[in-house]
Amino acid sequence: MKTIIVADDSSIIVNIVKRAFEGEYNVLSAQNGEEAIQLLQNNNLDEIVGMLLDLNMPVVDGFGVLEYLSGKNINIPVMIISGDNSKDTITKAFEYNVVDVIEK
């Protein structure tokens, strides 16, 4: 089964995503960027078809995850989910290979 990673410190967002995709995808969740990176390292990248990524998380933020993906040349579609809709943040996010930015 194809896998989606949702990296968000909000259990509400994680549960919504899990319910939306249950039965269609294996949904793995991470509460911070460090856990998201571990999921990337510990799972078959060929099975990961996308990531929903919060930018504001503890330990390692979403930009840290984007840096990891970029540095390792991992090309997974990433959709940003963020409460920070400032122009600077959105512009910075699009400097990476993200599909889109959705406001919480």
Checklist entry - Do Ile80 and Ile90 come close enough that some side-chain heavy atom pair is under 4.5 Å? => result no
Checklist outcome for this item: For Ser29 and Leu39 the tightest heavy-atom approach is O-CD1, 3.6 Å
Checklist entry - To the nearest 0.5 Å, how far apart are CD1 in Ile37 and CD1 in Ile5? => result 10.5 Å
Next on the checklist: For the CG atom of Asp46 and the OG1 atom of Thr3, what is their distance to the nearest 0.5 Å?
Outcome noted: 11.0 Å
Next on the checklist: Looking at every non-hydrogen atom in both residues, tell me the closest pair between Ala7 and Ala36 and how far apart they are.
Outcome noted: CB-CB, 3.8 Å
Checklist entry - Can you get from Val14 to Val59 by hopping between Ile, Leu, Val, Met, Phe, Trp and Tyr side chains that sit under 4.5 Å apart? => result no
Checklist entry - What pairs with Lys104 under salt bridge (charged side-chain N to carboxylate O under 4.0 Å, His left out), at least two apart in sequence or on another chain? => result Asp8, Asp54
Checklist outcome for this item: The reported gap from CZ in Phe63 to CG in Asn56 (rounded to nearest 0.5 angstrom) is 8.0 Å
Item to check | Separation between CG of Asn43 and CD of Gln38, rounded to the nearest 0.5 Å | outcome: 11.0 Å
Next on the checklist: Can you give me the closest heavy-atom contact between Glu24 and Met1, atom names plus distance?
Outcome noted: O-CG, 4.0 Å
Checklist outcome for this item: Heavy-atom closest pair (Pro58 atom, Gln31 atom, distance to 0.1 Å) is CD-O, 3.9 Å
Checklist entry - Which pair of non-hydrogen atoms, one from Tyr68 and one from Gln41, has the smallest distance, and what is that distance? => result OH-CG, 3.2 Å
Checklist entry - What are the two closest non-hydrogen atoms of Leu53 and Gly62, and how far apart are they? => result CD2-O, 3.6 Å
Item to check | Heavy-atom check, side chain of Met51 versus side chain of Val65, under 4.5 Å | outcome: yes
Checklist entry - With a 4.5 Å limit on heavy-atom distance, are the side chains of Ile76 and Leu40 in contact? => result yes
Checklist entry - If Ile, Leu, Val, Met, Phe, Trp and Tyr residues are connected whenever their side-chain heavy atoms lie under 4.5 Å apart, and connections chain through other members, are Ile13 and Ile4 in the same group? => result yes
Item to check | Nearest-0.5 Å distance, CG of residue Asn15 to NZ of residue Lys18 | outcome: 6.5 Å
Next on the checklist: Between Asn97 and Leu69, is there a side-chain heavy-atom distance shorter than 4.5 Å?
Outcome noted: no
Checklist entry - Are Ile102 and Met57 connected in the hydrophobic side-chain network, where two residues link if heavy atoms are under 4.5 Å apart? => result no
Checklist entry - Does Leu55 share a hydrophobic cluster with Ile74, counting links as ILVMFWY side-chain heavy atoms below 4.5 Å and allowing steps through other members? => result yes
Next on the checklist: Using the rule that Ile, Leu, Val, Met, Phe, Trp and Tyr join whenever any side-chain heavy atoms are under 4.5 Å apart, tell me whether Ile48 and Val98 fall into a single cluster.
Outcome noted: yes
Checklist entry - Does anything in residues 77-91 pair up under salt bridge (Lys or Arg N to Asp or Glu O under 4.0 Å), and if so which pairs, sequence neighbours excluded? => result none
Item to check | Side chains of Tyr96 and Val78 in contact at under 4.5 Å (non-hydrogen atoms) | outcome: no
